[in-house]
Engineer: 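Before I ask anything, here is the structure I am working with.
Numbered from 1 within each chain, the chains take letters A, B, ... in sequence-line order. Treat the numbers as computed from the prediction; the structure is a model and nothing was measured.
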Amino acid sequence: MITVHVQYFAILREQRGLTQEKLATDAATTAALYAELRARHQFTLPADRIRAAVNDELVAAAAPLADGDRIVFIPPVAGG
Amino acid sequence: MITVHVQYFAILREQRGLTQEKLATDAATTAALYAELRARHQFTLPADRIRAAVNDELVAAAAPLADGDRIVFIPPVAGG
Amino acid sequence: MSFRISGESLDPAALQRALADRRAGACVSFEGWVRDRNDGQPVASLEYEAYAPLAEKEGARILAEAREKFAVLGTACVHRVGHLQLGELAVWVGVTAEHRGAAFDACRYIIDEAKARVPIWKKEHYAGGASAWINCATRGDHAPDTAGPIG
Amino acid sequence: MSFRISGESLDPAALQRALADRRAGACVSFEGWVRDRNDGQPVASLEYEAYAPLAEKEGARILAEAREKFAVLGTACVHRVGHLQLGELAVWVGVTAEHRGAAFDACRYIIDEAKARVPIWKKEHYAGGASAWINCATRGDHAPDTAGPIG
């Protein structure tokens with residue numbers, strides 16, 4: 001079990017009701033963590049619409065997680 | 001013989017030493033008039049680099065001239 | 001040469017002055033304005049939110065790409081966050097170059113890439129009181145991505 | 001919606017404000033600046049001269065063409081005449097549209113056509129004291145034209 005920091009933006013922030021949290025998880029990858037959180041909080045966006053950043057860098061779908069990582073799940077962007 | 005008003009801009013203005021003049025000519029077309037003025041004032045630009053406007057509208061190369069016309073010979077443009 | 005997220009109103013004149021360059025013959029700028037409708041629906045206001053640290057990194061990468069691809073002298077982009085009213089300036093891109101072709105191409109490249117890649121989100125508030133996060137409906141096309149989606 | 005020749009300094013912020021439109025999501029502007037060299041030669045200043053009545057007619061035609069070809073909302077172009085110093089704004093083009101693609105395309109169309117067709121002339125004054133009317137050297141390519149040359 002590791003402890004990670006998750007920060008939420010936009011639709012995920014609203015659906016979670018929080019901007020960030022620290023949590024303990026058995027998830028080994030960003031994909032596994034999103035699946036866990038999606039099930040717990042009824043996030044509407046399926047995993048294939050979400051990207052992830054670990055420690056402020058974009059990562060591949062199944063990037064491994066380490067204790068203390070800061071994770072952001074990124075809904076489809078819409079700047080401009 | 002007709003009387004026309006000729007207005008000069010840019011390199012033609014400098015080479016003529018005038019911004020405009022009224023003149024009597026036997027030239028029947030813009031092309032003939034340019035040839036006449038070029039010979040008289042040593043304009044450096046050949047006729048195939050010049051366009052003409054009569055009464056503030058662009059005209060074809062050999063547009064006919066009428067008494068009282070206002071004529072502008074247009075050197076290659078270079079706005080912007 | 002900078003990409004910035006701003007919580008304050010943008011001042012295009014000041015942004016453009018910062019690009020002044022005696023070698024430049026062309027300056028092309030793009031402004032994204034909050035418009036009163038989207039896809040036929042009347043819009044009352046917009047909310048922008050950014051994941052600023054990554055947005056600024058990704059934005060800086062986009063500007064660097066533009067400088068590599070096109071013969072430009074200066075590039076800048078600033079994106080607003082917060083609650084914006086109709087007519088307000090949401091994003092400004094400015095590019096200087098010796099010649100206009102490169103300035104147009106680079107400016108367009110920057111705004112196209114920024115819209116596709118920079119982690120900024122937009123929530124539309126509609127005249128009737130409803131609201132929606134754009135591109136986040138759960139039916140419809142998948143978003144393009146470079147790093148690959150989670151699932 | 002206007003094309004203008006101006007003997008006074010241009011104020012881009014004011015010009016852009018005149019294009020404000022609640023329906024517009026994009027505003028693209030082009031600025032032509034007096035740069036410090038041309039074709040490798042150091043330039044000290046520029047003189048612009050226009051045949052204003054025809055320039056404004058031809059400019060208005062170009063703006064009308066842009067509005068016909070592209071899905072734009074507003075178009076404007078102002079060109080300076082007189083003696084301009086390095087860094088000064090010589091020409092400003094602004095276009096608003098619902099979407100950015102049309103705004104970019106129309107802005108580029110307007111400046112390209114204006115440079116090719118509007119009767120405005122430019123004299124470069126060089127650092128050494130010499131000067132030259134651009135495109136008026138008597139050797140070199142013939143200028144493109146629409147109405148056909150005289151000869």
Engineer: Determine, stepwise, if the pair C:V43 / C:R35 fulfils side-chain contact (heavy atoms from CB on, under 4.5 Å).
Structural biologist: CA-CA 7 Å; C:V43 171; C:R35 68 173 192 277; over 6 Å; no
Engineer: Show the nearest heavy-atom pair for residues D:F30 and C:A26, with the distance to one decimal.
Structural biologist: CE1-CB, 3.6 Å
Engineer: Given side-chain contact (heavy atoms from CB on, under 4.5 Å), test D:R4 with D:E56 step by step and report yes or no.
Structural biologist: CA-CA 6 Å; D:R4 219 156 37 78; D:E56 294 188 340; 4.1 Å; yes
Engineer: Out of curiosity, D:L86 CG to C:R23 CZ, how far, rounded to the nearest 0.5 Å?
Structural biologist: 13.5 Å
Engineer: Sort and list the pairs that fulfil ring pair (Phe, Tyr, Trp, His ring centres under 6.0 Å) and have at least one residue in residues 34-63 of chain C, not counting sequence neighbours.
Structural biologist: A:F9-C:Y51, C:Y48-C:H79
Engineer: Decide side-chain contact (heavy atoms from CB on, under 4.5 Å) for C:E47 and C:H125; before the verdict, give the C-alpha distance in whole Å, the side-chain angles of both, and the deciding distance to 0.1 Å.
Structural biologist: CA-CA 8 Å; C:E47 222 178 309; C:H125 294 267; 2.7 Å; yes
Engineer: Quick one: which residues of residues 7-17 of chain C reach chain D at under 4.5 angstrom, heavy atoms only?
Structural biologist: C:Q16
Engineer: Indicate yes or no: at least one non-hydrogen side-chain atom of C:I134 is less than 4.5 angstrom from one of C:E124.
Structural biologist: yes
Engineer: C:P119 and C:E58: which non-hydrogen atoms are nearest, and at how many Å?
Structural biologist: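 Looking at all heavy atoms of both residues, the shortest contact is CD-CB, 4.5 Å.
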Engineer: Is there any residue in residues 90-98 of chain C with a non-hydrogen atom under 4.5 Å from a non-hydrogen atom of chain D, and which ones are they?
Structural biologist: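 Near chain D, by residue number: C:T96, C:E98.
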Engineer: Would you list the atom pairs, donor with acceptor, under 3.5 Å between side chains in residues 105-114 of chain C and any protein atom, with sequence neighbours excluded?
Structural biologist:
unit_1 : atom_1 : unit_2 : atom_2 : d
C:D105 : OD1    : D:R108 : NH1    : 2.8
C:R108 : NH1    : D:D105 : OD1    : 2.8
C:Y109 : OH     : C:E65  : OE1    : 2.5
C:D112 : OD1    : D:R100 : NE     : 2.8
C:D112 : OD1    : D:R100 : NH2    : 2.8
C:E113 : OE1    : C:R117 : NH1    : 2.8

Engineer: Who among D:G101, D:G32, D:A103 has the most heavy-atom pairs with chain C under 4.5 Å?
Structural biologist: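 When all of D:G101, D:G32, D:A103 are compared, D:G101 has the most.
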Engineer: Under the side chain to side chain contact (heavy atoms under 4.5 Å, CB included) test against D:R67, which residue among D:V72, D:L73, D:I62 passes?
Structural biologist: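 Result for side chain to side chain contact (heavy atoms under 4.5 Å, CB included) with D:R67: D:V72.
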